[in-house]
Amino acid sequence: MATENFKFDTLKVRAGYNPEDHNYSVAVPIYQTAAYDLGSPERAENLFLGNEEGFLYTRVNNPTVDVLEKRVAALDGAAGAIAVASGMAAIAYTILNIAEDGGRILSSAYIYGAASDSFKKIYPKFGIHFDLSRNFDNLQELEKEIKPDTKAIYVESISNPNGALVDIEALAELAHKYGIPLVVDNTFATPYLFNPIKYGADVVVYSGTKALNGHGNVIAGLVLESGKFHWDNGKFPQFQEKHYTQRDDKDNPRSFVEKFPDFPFTARIRLNYLNYLGAAIGPFDAYLLLLGIETLSERIQKQVSNTKKVIAYLEKNEHVEWIKYPSLETSPYYELSKKYFPLGTGSVFSFGFLGSIEKSKAFIQALKIFSYHANVGDARSLIINSPKTTHSELTPEEQNHADIEPNLIRISIGLEDPEDLINDLDQSFKQVFKK
Ligand SMILES: Cc1ncc(COP(=O)(O)O)c(C=O)c1O
């Protein structure tokens, strides 16, 4: 399906899929197969050389996964996309693809705990070092942190768990001034609320596990590219190395930018990292993710509306010290939210529990509707004490650096009736603070 002229809600149910290519099946079929018949030795040779389009082996590509990749690429206005087994795999392959020969990445300190911990623990052993900065609110200061070997800037469009926003357009300009890409984790926002590529981002990563899927039944990740970044600008020699595996029909080795000029970044992840490190998404999981995406707008609209109602209740509650949600007028990110998030800033927010840590645990325990677990973006409302769970990898000093206060409670609002959610919070507060 040509995608250019269709709007978001049409693309989310149709992009990337032609029924006539799949026995006229209306729903995207699940191709539950490890490999594909090669047909003939000639076809096999062409497929392996990449001179003919087709499927070889599900670790590298699969028709169900292919629809998912094309669909999300259409929603994000991306030139290329690759789906992988988890959000963490998407981040890992992105970092390695950019800085596999060492260097630095300038990342916001306000990011998902496991990402932050992996930046500290895993990558330095491979010569990739991270500067976790709190200067993303002040780009003049941030610029001073760009070093000669900085290879990328990394940020979450709505940060986990604090809901920090960044001026993505200005940040992209800053990155490009130094010939480096801007990588945006757009998990909390989803392409329905925000399109990082439109504002200059070069690479977008998703945990598909969250609101994209929306039903809490899949672990998945995606990497997308704008197709505009010049990977052959001299800072990323790996994109200019010539490989025999990417040879042309006269056996001349080619580089990734030569063979895949429109989407070298995701092509290189597919043929190097997915192929050789192997975190492939299964076709059934890709199918579940596609199913979730069909109702993305409707879910997010209702979740944003529910979130505002629950926050309005919490704002008046004497046991709530503060609320962090970027589109609140009291938020330091309110102006940015108006510019970048006209449809709302999602369904995740955090609040400071005014009371002892013991009481906050009792509060979580006394809830009847909210589920206590580590996901977000689910159809069900979820609650979690992030400092002791999703961000527990961080030391107290690191939590302080990431502005994660000890009394922080993170909430992800689902699709239930908002009145029931408010009543549930209310009965729990009353139970914990009863005289
Ligand atoms: C913002 C963000 N990015 C990435 C991830 C990792 O995703 P996954 O759990 O699918 O590996 C998470 C998980 O919570 C997240 O919140």
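Quick caveat: nothing in here was measured; it's all calculated off a predicted structure. Just follow the structure's listing: the first ligand is 1, and inside any ligand the first atom is 1. Excluded from the calculations below are hydrogen atoms, water molecules and symmetry mates; all remaining heavy atoms, backbone and side chain alike, are included.
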Self-check item: Interatomic spacing from CD in Gln303 to OG in Ser412 - rounded to 0.5 Å
Solution: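 If we round to the nearest 0.5 Å, Gln303:CD and Ser412:OG are 6.5 Å apart.
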
Exercise. Supply the atom-to-atom distance Phe194 CZ to Ser337 OG, rounded to the nearest 0.5 angstrom.
Key: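 Going from the CZ atom of Phe194 to the OG atom of Ser337 covers 12.0 Å.
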
[atom] - nearest protein heavy atom and its distance:
atom                    : result
atom 8 (P) of ligand 1  : Gly87 N, 3.4 Å
atom 4 (C) of ligand 1  : Asp185 OD2, 3.5 Å
atom 10 (O) of ligand 1 : Thr209 OG1, 2.5 Å
atom 11 (O) of ligand 1 : Met88 N, 2.9 Å
atom 9 (O) of ligand 1  : Lys210 NZ, 3.4 Å
atom 6 (C) of ligand 1  : Tyr112 CE2, 3.6 Å

Quiz item: Among Tyr31, Tyr57, Phe55, which residue meets the ring pair (Phe, Tyr, Trp, His ring centres under 6.0 Å) test with Tyr36?
Solution: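 Of Tyr31, Tyr57, Phe55, ring pair (Phe, Tyr, Trp, His ring centres under 6.0 Å) with Tyr36 is met by Phe55 alone.
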
Practice problem: Please determine which of Phe119, Phe130, Phe136, Tyr112 meets the ring pair (Phe, Tyr, Trp, His ring centres under 6.0 Å) test together with Tyr154. | Solution: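 Result for ring pair (Phe, Tyr, Trp, His ring centres under 6.0 Å) with Tyr154: Phe119.
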
Quiz item: Between Phe260 and Arg268, is there a cation-pi geometry (under 6.0 Å to ring centre, at most 45° from the normal)?
Solution: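 No - Arg268 does not lie over the ring of Phe260 by the 6.0 Å and 45° rule.
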
Quiz prompt | ligand 1 contacted by Ala220 (non-hydrogen, < 4.0 Å) | solution =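 Checking ligand 1 against Ala220, which is what was asked, there is a heavy-atom contact under 4.0 Å.
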
Quiz item: Counting heavy atoms only, which part of Ala374 comes closer than 4.0 Å to ligand 1: side chain, backbone, both or neither?
Solution: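 No part of Ala374 is near ligand 1 at this cut-off.
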
Self-check item: Phe265/Phe229 aromatic ring centres below 6.0 Å
Solution: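 Ring-ring flag for Phe265/Phe229: false, centres at least 6.0 Å apart.
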
Quiz item: What's the verdict on side-chain contact (heavy atoms from CB on, under 4.5 Å) for Leu343 and Val304, showing C-alpha distance, side-chain angles and the deciding distance?
Solution: CA-CA 8 Å; Leu343 299 177; Val304 167; over 6 Å; no

Quiz item: Taking distance alone, with no angle check, do Asn160 and ligand 1 share an N/O pair under 3.5 Å?
Solution: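 It does: an N or O of Asn160 is found under 3.5 Å from an N or O of ligand 1.
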
Quiz prompt | Min N/O separation Gly208 to ligand 1 under 3.5 Å | solution =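 Between Gly208 and ligand 1 (N or O atoms, distance only) the closest approach is not under 3.5 Å.
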
Quiz prompt | Numbered atoms of ligand 1 (with element) below 4.0 Å of Phe188, judged on heavy atoms | solution =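 Heavy-atom distances to Phe188 below 4.0 Å select 16 (O).
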
Quiz item: Atoms of ligand 1 less than 4.0 Å from Ser86 heavy atoms?
Solution: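 Matching atoms, with element in brackets: 10 (O), 11 (O).
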
Exercise. Measure the acute angle between the ring planes of Trp231 and Phe236, then classify it against the limits of 30° and 60° as parallel, tilted or perpendicular.
Key: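 Judged by the thresholds at 30° and 60°, the geometry between Trp231 and Phe236 is perpendicular.
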
